[in-house]
J.: 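I'd like to ask you about the structure that follows.
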Amino acid sequence: MKPAPFEYHAPATVEQALELLATHGYDAKILAGGQSLIPTMNFRLAQPAILIDMNNIPALRYIEPTPAGGVRIGAMTRYQTAERSPLIAERAPLVAEALPHIAHPQIRTRGTMGGAIAHADPAAELPAVCVALGARFKLRRGTQERWIAAEDFFVGLFTTLLEPDELLLEIELPPLPARSAWAFTEVARRHGDYALVGVAAGITLDDAGNCADVRLSFLSVGDRAVLAHNAIAALKGHPPTAETIAHAAAIAAADDIAPNADIHASVDYRRHLAKTLAQRALTQAAERASAG
Amino acid sequence: MENLIEITVTVNGTEYHRTVEPRMLLSDFLRHELNLTGTHVGCEHGVCGSCTILFDGDPVRSCLMFAVQANGHTLETVEGLGTPDAMHPLQNAFREKHALQCGFCTPGFLMSLKPFLEQNPNPSRDEIREALSGNLCRCTGYENMVDAVALAAEEMRNG
Ligand SMILES: Cc1cc2nc3c(=O)[nH]c(=O)nc-3n(C[C@H](O)[C@H](O)[C@H](O)COP(=O)(O)OP(=O)(O)OC[C@H]3O[C@@H](n4cnc5c(N)ncnc54)[C@H](O)[C@@H]3O)c2cc1C
Ligand code: FES
Ligand code: FES
């Protein structure tokens, strides 16, 4: 099918884009990489009257170090750019590990880091990774700017705290603690498909070899990216052994997630995957943390 | 509400000027406005890969872009890959190794593989499989394609 007619704007600056949003708000849609929006327009599930194309705003494409030791990523940075960035490889290895799981190379040349966050697909990798890392997002509406923590930003199925006249400008990843390590894993029917379940895990060790901090998040197990608070509490303070990790993974699968059944997988199978994958990701993170 | 927009696009080295509706997909623009019907359209939601072209050198789904977004950019379609007398090594290898039957999917595979081989001149069979994974073929099975890509890579390395 073909998209319904719309009025097209391609602002050159963030300010122009915000002005257009202020004028058209509810009638307008932001076009980032278009890898989610254009399919829904082709099916006429979305019929925005006005499209504001952000692809001509070079100021939103950057990957830069923060003074604190983290990384800031402009919303219009493409997956492919992030995938090839030495700074992300060094300072955000979890992001680097997750990126190749997103769709196909031909989608990653267009899809944007900001688009993935704003779209808030519960099956998407990047929201879960940002929740695990404790990322925060910079939003702007008119001249008002606000920062929202990743865990608060996703509020439901394809739903975030973004207002219709508000733009997502930046993803900020915090510096990684010393003696921390990360792992990402997922199961998909075919490489490049949306995952049936995915897990991002992080472990920080203290001098005694106990878990000073644990991060564990899931994708595709409910209406949004989920931080596994119960599992985290269960593992924190303990050494990451096969037993403590298996225990935490079982808690995550039972108490932290509320997966749905669909044509791809039943609830039971998703819980089973969640447990197994959490176990694998935590084990790998723990091994990497103690190695170095 | 409908605004027509003038665009200038370079495709396979030729500059084209056209006036388009914003909602025209880049795939339809190539096929219907420029008569470059080598770019095929299978699904129009990014899944099949038959519409893959190069946009400023990168492989993209032309069904997931609007023609207006190509204004000022440089595109390459399968028509620019080779001629019947001077085929691209990938085209030769696909023929040699029987990597196509009906051919519907072939342009998309070729345009995905060209930048892949330029960036990975000596890929492993696993890397080749991964490179093929963003395109669907309903006829041949993919084994012959893996052979074809390996052959093309070898020919390209030998110059
Ligand atoms: C075949 C296929 C397979 C895919 N597989 C996966 C997968 O496995 N995992 C995965 O995570 N994704 C997958 N995707 C989706 C892809 O990652 C999308 O690129 C991504 O979800 C959205 O990014 P985008 O830049 O394309 O955004 P768009 O499609 O342009 O926009 C998405 C939504 O976000 C809004 N938006 C975008 N940017 C901003 C901003 N800066 N401020 C405010 N609102 C904004 C838009 O208005 C729109 O509503 C797949 C897509 C395809 C076509
Ligand atoms: S037609 Fe574009 S991906 Fe199928
Ligand atoms: S050769 Fe027929 S679809 Fe691939």
Side-chain angles (χ1 to χ4, degrees), chain A residues 1-10 12 24 27-29 31-57 76 78-81 83-84 100-112 115 188-194, chain B residues 1-5 7 20-29 32 41 43-73 108-109 111-116 119-120 126-127 129-136 142:
Chain A
M1 273 177 69
K2 309 296 175 188
F6 55 83
E7 194 180 298
Y8 177 78
H9 297 274
H24 301 293
D27 295 327
K29 265 272 179 214
L31 175 63
Q35 304 301 291
S36 294
L37 182 55
I38 298 180
T40 55
M41 289 177 68
N42 288 353
F43 283 128
R44 299 214 176 180
L45 295 170
Q47 303 193 15
I50 292 153
L51 216 54
I52 304 173
D53 184 352
M54 307 272 283
N55 285 283
N56 294 349
I57 309 182
M76 287 300 296
R78 306 208 191 271
Y79 294 131
Q80 176 177 278
T81 313
E83 210 177 334
R84 294 176 178 178
H101 291 280
I102 303 175
H104 311 289
Q106 303 92 329
I107 309 285
R108 297 201 293 273
T109 50
R110 291 298 295 172
T112 66
R189 290 292 297 277
R190 285 167 298 261
H191 183 76
D193 278 10
Y194 282 101
Chain B
M1 180 173 121
E2 197 73 30
N3 44 350
L4 292 174
I5 296 180
I7 60 172
V20 296
E21 268 190 77
R23 68 171 172 148
M24 176 172 276
L25 296 174
L26 184 54
S27 43
D28 289 335
F29 174 78
H32 303 154
V41 171
C43 67
E44 283 186 340
H45 59 280
V47 173
C48 74
S50 64
C51 68
T52 305
I53 62 159
L54 302 187
F55 184 86
D56 294 335
D58 285 325
V60 301
R61 306 295 207 219
S62 60
C63 73
L64 297 188
M65 288 187 65
F66 295 109
V68 285
Q69 297 187 285
N71 188 22
H73 290 273
F109 273 99
M111 298 319 283
S112 299
L113 291 166
K114 181 182 182 237
F116 168 72
Q119 283 153 25
N120 307 274
D126 275 351
E127 286 166 342
R129 279 171 205 281
E130 175 140 0
L132 293 170
S133 71
N135 293 70
L136 297 178
Y142 302 94

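Each chain gets a letter, A, B and so on, in the order the sequences are listed, and its residues count up from 1.
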J.: Using salt bridge (Lys or Arg N to Asp or Glu O under 4.0 Å) as the criterion, list what pairs up with A:R44, not counting sequence neighbours.
T.: none
J.: With only heavy atoms counted, which part of A:L31 is less than 4.5 Å from chain B, the side chain, the backbone, both or neither?
T.: side chain
J.: Is a salt bridge present between A:K2 and B:D28, judged by a nitrogen-to-oxygen distance below 4.0 Å?
T.: yes
J.: Is B:M65 close to chain A through its backbone or its side chain, or both, or neither, when contacts mean heavy atoms under 4.5 Å?
T.: both
J.: Counting only N and O atoms by type, is there a donor-acceptor contact under 3.5 Å from the side chain of B:N135 to the main-chain atoms of B:G49?
T.: yes
J.: Are the side chain of B:D58 and the backbone of A:T109 linked by a donor-acceptor contact shorter than 3.5 Å?
T.: no
J.: For B:F55, which atoms come within 4.5 Å of any heavy atom of chain A: side chain, backbone, both, or neither?
T.: side chain
J.: Check each atom of B:N71 against the heavy atoms of chain A and say whether the ones under 4.5 Å are side chain, backbone, both or neither.
T.: neither
J.: What part of A:A103 is in contact with chain B, defined as an atom under 4.5 angstrom from a non-hydrogen atom: side chain, backbone, both or neither?
T.: neither
J.: Taking side chain as everything from C-beta outward and backbone as N, CA, C, O, which of these in A:L37 sits under 4.5 Å from a heavy atom of chain B? Side chain, backbone, both or neither.
T.: neither
J.: Counting only N and O atoms by type, is there a donor-acceptor contact under 3.5 Å from the side chain of A:R108 to the main-chain atoms of A:Y79?
T.: no
J.: Among the options B:H45, B:R129, B:M111, B:M24, pick out the one with the most heavy-atom pairs lying under 4.5 Å from chain A.
T.: B:H45
J.: Considering residues at least two apart in sequence or located in another chain, which fulfil the side-chain contact (heavy atoms from CB on, under 4.5 Å) criterion with A:H191?
T.: B:E130, B:S133
